[in-house]
Number of protein chains: 2
Amino acid sequence: MTITVDDHTDLPGLRERKKQQTRQAIHEAAFRLIDEQGVDSTTVDQICQAAEVSSRTFFNYFPSKAAAALALPTATVSDETRARFLAARGGLVWALCDAVGSGTELSPDHARIATLVRRHPELLTTLSAMMLEARSQFVALAAERASSQEQAELAVTLVMAAVGRGIRDEDSGDSLVDRLRHTADQLAAVAGHEMTAARDRSS
Amino acid sequence: MTITVDDHTDLPGLRERKKQQTRQAIHEAAFRLIDEQGVDSTTVDQICQAAEVSSRTFFNYFPSKAAAALALPTATVSDETRARFLAARGGLVWALCDAVGSGTELSPDHARIATLVRRHPELLTTLSAMMLEARSQFVALAAERASSQEQAELAVTLVMAAVGRGIRDEDSGDSLVDRLRHTADQLAAVAGHEMTAARDRSS
DNA sequence: TGTAATATTGCATGGCCTGCAAAAGCGGCA
DNA sequence: TGCCGCTTTTGCAGGCCATGCAATATTACA
């Protein structure tokens, strides 16, 4: 007789738990060391020693030390995010801020990561590379609600640009989603203002 | 008796000319090989062989093969660009489009480079890293005309976001500067539209 | 022509990252 | 408990990228 646990909770099993544990250990070590010493002065081997894994294992989990320090989920649009986006009321950009923001926010400790990025701007290139990676997915998502492909791309471009700012001022009590919306609003203001004036001028 | 050339044209001298020539040779080789084989399949040594320089010399000119293929000028705000920006009429974003666009346009063959980037998206990360590098300079520039530091940063954020788009549709006959302005305009439209609606809703 | 300045090169070094195959650990089953 | 299939971890080999240093070649100029 198999002694399986009776409840229907998908308990992950020892295997999966250990994997997450290893991943977390690597991330923790990378985070701490890079925060203390900076990116360039920290070697992968150092991180491996601290996390007690082989360097080969390290690269099974992360493609680079910077990625390990950030440990952002593969910025994939989850089904849940997608459903919420499609159901959300409000405009395209408004809803997109929610999708992007909450997706990023999923990371257990995005506040810590934002601080790390602020203290070590070298990480910005890695971060923006990751966002670039995710971009096409968000465009596809946006296209499901946009009136045109172009509008979808523009909206994503705007929100992605806002992320850079939204991550910086972590201090304000607002959630990342709200900060994204606020920044998008400001961007529209700073441009729209004079742009409409310019359009008048040129016509 | 010194036999100096009499005219006041700053002719560069043999030394400088050779340097530019070497730089150009490296760029040309990197461009061609990467266009043919992709970034990852092209090694620095291949580029060096094609350009007939040692690999050590390669790194005296460019920090990476991707940078060599793009060969964008160190995206520094030239005095001329700065002067034109300060003198320009029109709004902050409007003028900034000119500064960023013409600065990028200085590259002798930005059209070729835009095509290369489109054909090899891996180069996007390098490109955006370069833009990130230049960002602070443009923020400083913008601050000289902006009413606040925040406005300066927002304006630069917007224009930089537009660059990504502006580089893509090289086809339209417009200049990069005009395309930047157009995109900034669109961005403002796509956001401003619903954002003001949202603001009304939340108040 | 001779000297100073600068550019190029070779060499050594260290770090990053990947593929491959062996070893170790986990999961189920009798 | 003991065995078998699967997944993860590890070691190793190897290639590439990138930088510092010192020697050499080239240019500038008097």
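Throughout, a chain's letter reflects where its sequence line sits, starting with A, and its residues are numbered from 1.
- Using modelled atom types, one side-chain atom of A/His120 and one backbone atom of A/Asp35 make a donor-acceptor pair closer than 3.5 Å.
- Between the CZ atom of B/Phe58 and the C1' atom of C/dG10 there is a distance of 18 Å, given to the nearest Å.
- For B/Arg15 and C/dT6, a side-chain-to-base donor-acceptor distance below 3.5 Å is present, hydrogens and geometry of angles not being considered.
- D/dA18 atom P lies 10 Å from atom CD1 of B/Ile47, rounded to whole Å.
- Rounded to an integer number of Å, the gap from CG of B/Asp45 to P of D/dA18 is 12 Å.
- The phosphate of C/dT9 (OP1 or OP2) has a side-chain N or O of B/Thr57 nearer than 4.0 angstrom.
- Between the CZ atom of A/Arg56 and the P atom of D/dC12 there is a distance of 14 Å, given to the nearest Å.
- Rounded to a whole Å, the CD atom of A/Gln49 is 12 Å from the P atom of C/dG15.
- Within a heavy-atom distance below 4.0 Å of DNA chain C, the residues of residues 60-69 of chain B found are B/Asn60, B/Tyr61.
- A donor-acceptor pair under 3.5 Å is absent between the side-chain atoms of B/Thr57 and the main chain of B/Val53, judged by distance alone.
- When the shell of 6.0 Å around CD of B/Glu122 is examined, it contains more than 12 heavy atoms from other residues, nucleotides or ligands.
- The CD1 atom of B/Ile26 sits 14 Å away from the P atom of D/dA18 (whole-angstrom rounding).
- Each of D/dC17, C/dC16, C/dG10 was ranked by its minimum atom distance to the side chain of A/Thr43; first place goes to C/dC16.
- Contacts of B/Ser41 with the nucleic acid, taken as non-hydrogen atoms under 4.0 Å apart, are absent.
- When each of B/Ser55 and B/Lys18 is assigned the nucleotide of DNA chain D bearing its nearest heavy atom, the one mapping closer to the 5' terminus is B/Ser55.
- In this model, a donor atom of one side chain and an acceptor atom of the other lie less than 3.5 Å apart for B/Gln151 and B/Ser147.
- Between the A/Lys65 side chain and the A/Thr42 main chain, a donor and an acceptor come within less than 3.5 Å of each other.
- Side-chain atoms of A/Arg181 come within 3.5 Å of backbone N or O of A/Trp94 as a donor-acceptor pair.
- The NZ atom of A/Lys19 sits 13 Å away from the P atom of C/dG27 (whole-angstrom rounding).
- Nucleotide C/dC11 holds its P atom 17 Å from the CZ atom of B/Phe59, rounded to whole Å.
- For the side chain to side chain donor-acceptor pair (under 3.5 Å) criterion with B/Gln20, the lone passing option out of B/Glu16, B/Arg23, B/Lys18, B/Arg17 is B/Glu16.
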